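It should be emphasised that the depicted structure is a prediction, and the values quoted were computed from it without experimental measurement. Naming convention: chains lettered A, B, ... in sequence-line order (proteins, then strands); numbering from 1 in each chain.
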Amino acid sequence: MEKRVLVGLSGGLDSSVAAMLLKQHGYEVIGATMSIWDGEYSPLGGNACYGPDERDDIDEARKVAEFIGISYHVFDCAKEYKSTVLEYFRSDYLQGRTPNPCVKCNQLMKFGLLQELARKSGLEFDYFATGHYAQVIHKDGRYALKRAADARKDQTYFLYRLSQEQLKGVLFPLADFKKEEVREMARKAALPVAEKAESQDFYCGDYKELLQVEDKLGSIVLKKDNRILGQHNGFWNFTIGQRKGLGVAYSEPLYVVELKPNENLVVVGTREDVMSTSFIVDDLHWMLLTGIEGQMEVTVKIRSASREAEAVIEPFENKIKVTFNQPKDAITPGQSAVFYKNEVIVGGGVIENLYKQD
RNA sequence: UGUCCGAUGGUGUAACGGUAGCACUGCAGAUUUUGAUUCUGCCUGCCCAGGUUCGAAUCCUGGUCGGACAA
């Protein structure tokens, strides 16, 4: 009997190819897209997750579904998206942290609500699949994510919060392919989205709308001597490690080193000032393991596009303390730190703050 | 209205007298499922007026402006 798979279609290249591959492999495939845009704001058009161009993406996903011959459904997740992802996004920024909406969205929406609504609507399926570049392994009775074959496109970082239950029923058809191979397959099959461009932003409008704030003048101060170097329109417009857009000239590159929400201060410093070695991770989520007792050597990734680096993790109160072997730049509260051992996700959590000795 | 110092692109700076470089900002692009990082490219400048030199940002004179000292 054919196994049934629900595939999350985004209207993009990757998920389309994923669906096509599953179909070719003999699964009975059902396409589904979540609708998250409620039209409250009016940003300029653009290729973003949360935005009015969602309609175009849904149209494309529908075309693709027709093209490869699978059924297609759209589920309205706008309300929940707003109360979870957007609310999280907003409150984190207003606390001077830098949230990662993709992580939240994967955990709660794509790999959560979407399947839930599909089942409620009467659809039955054995697996859930997406076009993510990641692979699932099963070891010692636990499921975990392993980096994709195409290391350059690996997306496990965004998926580290998936639970055992979520991982258990997941398929990633693109796990073993490189991006170029995926595009080539799409071209050969003449998929409608074969030439679709990469990359999408989270939101293509002004973040002020999502944060529900107005500009508020504040100072940009130099860490070294607290000298005021310039002005800004609100600390929420910045993230640790940011270099561009400060509007401040100095003898060397300046980076945002710290945000002080209470005083609406943006503290900047030199390259050296953004480097740290130790930090505390909270809001833990374990994957291959269920926790650790003592120290463990791992590699840690603290930003989607930043390369993972060697570090030691160890319990610290109810949290985890991470210590890099070499100082690392832009360790940012709110971003996720994901621990890998031999390319497999051991666990991860959210960066709470730097750990300072003495 | 005395003395001293300084005066280079939007900002901070560099250039034995030989036609101005660097960093930052800004802009454009590459990379990116986070408005970060990183990478590539681009735009702007020698306070003014004389003079000395084959030739001056660099030397001299005067002016203007800024800073410091000076009751």
When you get a sec, tell me which of A36(B), U37(B), U32(B) is the closest nucleotide to the side chain of D329(A)?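 Given the options A36(B), U37(B), U32(B), the side chain of D329(A) is closest to U37(B).
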
If you check the Y157(A) side chain, which of U33(B), U32(B), U34(B) turns out closest?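 The answer is U34(B).
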
Would you kindly compare A305(A) and L254(A) by the position of their nearest RNA chain B nucleotide and give the one closer to the 5′ end? L254(A)

Here's a test of your reading of the structure: between E252(A) and N237(A), which maps to the more 5' nucleotide of RNA chain B?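 Whichever sits nearer the 5' end wins; that is E252(A).
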
Assess the side chains of T323(A) and S278(A): does a donor N or O sit below 3.5 Å from an acceptor N or O?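 Yes, S278(A) and T323(A) have a side-chain donor paired with an acceptor closer than 3.5 Å.
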
Please state the C1' separation for the pair C47(B) and C65(B) - nearest whole angstrom. 8 Å

Determine the interatomic distance between P on A57(B) and the same-named atom on A68(B); round to the nearest Å. 30 Å

Tabulated below should be each protein N or O lying under 3.5 Å from an N or O of nucleotides 38-44 of chain B; please produce it.
unit_1, atom_1, unit_2, atom_2, d
U38(B), OP1, R243(A), NH1, 2.6
U38(B), OP1, Y255(A), OH, 2.7
U38(B), OP2, R243(A), NH1, 3.3

Which atom pair, heavy atoms only, marks the closest approach of Y160(A) to M287(A)?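 The pair with the smallest heavy-atom distance is O-CE, 3.4 Å.
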
Worked check of salt bridge (charged side-chain N to carboxylate O under 4.0 Å, His left out) between D92(A) and K104(A): CA-CA 12 Å; D92(A) 241 39; K104(A) 211 67 162 183; over 6 Å; no

Just checking, R271(A) and Y255(A): is the charged tip under 6.0 Å from the six-membered ring centre and within 45° of the axis? yes

Can you find a pair of side-chain heavy atoms, one from E308(A) and one from R147(A), that are under 4.5 Å apart? yes

As a test of understanding, state which of T98(A), T332(A), D329(A), N100(A) forms a side-chain hydrogen bond (donor to acceptor under 3.5 Å, both in side chains) with R303(A).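 Looking at T98(A), T332(A), D329(A), N100(A), the match for R303(A) under the side-chain hydrogen bond (donor to acceptor under 3.5 Å, both in side chains) is T332(A).
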
OP1 or OP2 of U37(B) sitting under 4.0 Å from any side-chain N/O of K328(A)?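 Result: no.
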
